[in-house]
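Accompanying notes for the structure given below.
The sequence lines fix the lettering, A, B, ..., with proteins before strands; numbering per chain opens at 1.
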There are 2 protein chains.
Amino acid sequence: MLSRKTKYGLKALTYLARTKDRGPVPIAEIAREENISQKFLESILLTLRRNGFLGSRKGKGGGYYLIKEPVQIQMETVMRVLEGPIAMVSCVSLNFYEPCADCPDEASCSVHKLMLQVRDSTLEVYRSNSLADLI
Amino acid sequence: MLSRKTKYGLKALTYLARTKDRGPVPIAEIAREENISQKFLESILLTLRRNGFLGSRKGKGGGYYLIKEPVQIQMETVMRVLEGPIAMVSCVSLNFYEPCADCPDEASCSVHKLMLQVRDSTLEVYRSNSLADLI
DNA sequence: GCAAATCCTATTAAACCTATAGGATAAATG
DNA sequence: CATTTATCCTATAGGTTTAATAGGATTTGC
């Protein structure tokens with residue numbers, strides 16, 4: 001299941017992409033328009049900023065804004081930041097690899113074999129979608 | 001992340017597919033060979049039996065066994081039984097559909113759009129793999 | 001100075017996952 | 001028929017994660 005964090009993060013990014021000519025947008029507005037708990041969204045936008053997707057301005061007239069073009073924001077990166085590993089098991093993870101404690105041999109592991117295919121096909125979806133494609 | 005329940009369930013099914021000519025295999029053997037907690041595996045095999053994948057025999061010489069040919073056991077079905085919905089959000093789920101409470105319009109929802117693609121590509125992997133393919 | 005906003009940490013409440021406990025039931029065997 | 005082997009079944013503990021909230025500190029614009 002997709003976490004709400006990711007869901008809300010994607011919605012916020014989309015919202016900011018749609019309003020990108022308007023300058024900084026306050027959290028309160030995004031939360032209201034997208035039906036998201038404001039405080040929760042606050043922490044999500046913070047991580048998106050810390051990970052280089054968003055810029056922010058404090059004070060009156062402030063808010064969040066995209067610091068890249070929507071076309072340049074790949075879902076692969078977004079998903080890793082919000083949701084974590086794309087792979088369903090760590091032993092097939094590209095960025096978060098870890099061997100399974102219980103599994104003596106990856107090459108002969110049925111779970112490994114199946115999850116590798118799932119990872120590859122999911123990755124292809126994320127790689128072929130930028131933020132611009134979601135609008 | 002894949003739950004351990006699913007992981008163990010897949011390993012057990014694979015084990016039973018490999019030993020399918022030997023008749024019923026006791027839980028204890030599978031647990032030992034695949035490094036799985038026996039009690040936990042017990043409950044997993046129970047659900048697999050209740051869902052029509054396995055048969056069982058009690059008492060001495062008893063155990064679990066496949067009641068279909070490995071080729072006929074599709075990963076799509078197995079995954080639904082063990083892991084639940086294949087979709088990452090309920091609004092794109094084929095078998096567990098539920099509308100999102102916070103989302104006024106699916107057609108224009110970016111999350112919906114992306115997750116639909118992920119579901120389709122994942123589904124294709126599960127549909128093109130039977131238990132026989134994992135051995 | 002005041003209001004509007006982000007920034008940041010901590011805490012709670014609920015849900016879910018993994019594993020275990022403890023026995024009930026059934027079958028095979030000598 | 002007693003013993004052993006094995007599944008069957010329910011309940012529950014313990015831990016982890018997630019979602020949301022609380023409460024204030026800081027910065028900015030006017």
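- Residues of residues 53-62 of chain B that place a heavy atom closer than 4.0 Å to DNA chain D, in numerical order, are B:S56, B:R57, B:K58, B:G59, B:K60.
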Taking distance alone, no hydrogens or angles, what donor-acceptor pairs closer than 3.5 Å link side-chain atoms of residues 34-44 of chain A to residues at least two apart or in another chain?
residue, atom, partner, partner atom, Å
A:N35, ND2, B:D102, O, 2.9
A:S37, OG, A:F40, N, 3.3
A:S43, OG, A:F40, O, 2.8

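- In this entry the distance linking NZ of A:K5 with P of C:dA15 reads 21 Å, nearest Å.
- Few gaps surround CZ on B:R80; more than 12 heavy atoms of other groups in view lie less than 6.0 Å from it.
- For the side chain to side chain contact (heavy atoms under 4.5 Å, CB included) criterion with B:L13, the lone passing option out of B:L134, B:L131, B:I30 is B:L131.
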Would you tabulate the side-chain donor-acceptor contacts of residues 81-91 of chain A under 3.5 Å, counting partners in other chains and residues two or more places apart, or write 'none'?
residue, atom, partner, partner atom, Å
A:E83, OE1, A:S3, N, 3.4
A:E83, OE1, A:S3, OG, 2.9
A:E83, OE1, A:T6, OG1, 2.3
A:E83, OE2, A:S3, N, 3.4
A:S90, OG, A:E98, O, 3.0

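- The heavy-atom pair separating A:R127 from A:L94 by the smallest distance is NH2-CD1, 4.2 Å.
- Each of B:R4, B:K5, B:K11 was evaluated against B:Y8; a single residue qualifies, B:R4, per the side-chain hydrogen bond (donor to acceptor under 3.5 Å, both in side chains) test.
- The backbone N or O of B:S130 sits less than 3.5 Å from a side-chain atom of B:D133, completing a donor-acceptor pair.
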Per-pair distances, 0.1 Å, donor-acceptor, side chain in residues 20-27 of chain B, under 3.5 Å, sequence neighbours excluded:
residue, atom, partner, partner atom, Å
B:K20, NZ, B:E69, OE1, 3.3
B:R22, NH1, B:E29, OE2, 3.2
B:R22, NH2, B:E29, OE1, 3.0
B:R22, NH2, B:E29, OE2, 3.2

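- Contacts between residues 37-51 of chain B and DNA chain D, defined by a heavy-atom separation below 4.0 Å, involve B:K39, B:E42, B:L46, B:R49, B:R50, listed by number.
- The side-chain heavy atoms of B:L66 and B:L54, taken from C-beta on, include a pair separated by under 4.5 Å.
- The number of heavy atoms from other shown groups lying within 6.0 Å of CD (A:E124) does not exceed 12.
- Boundaries of the chain B contact region on DNA chain D are D:dT5 to D:dC9, first to last in 5' to 3' order (nucleotide atom under 4.0 Å from a heavy atom).
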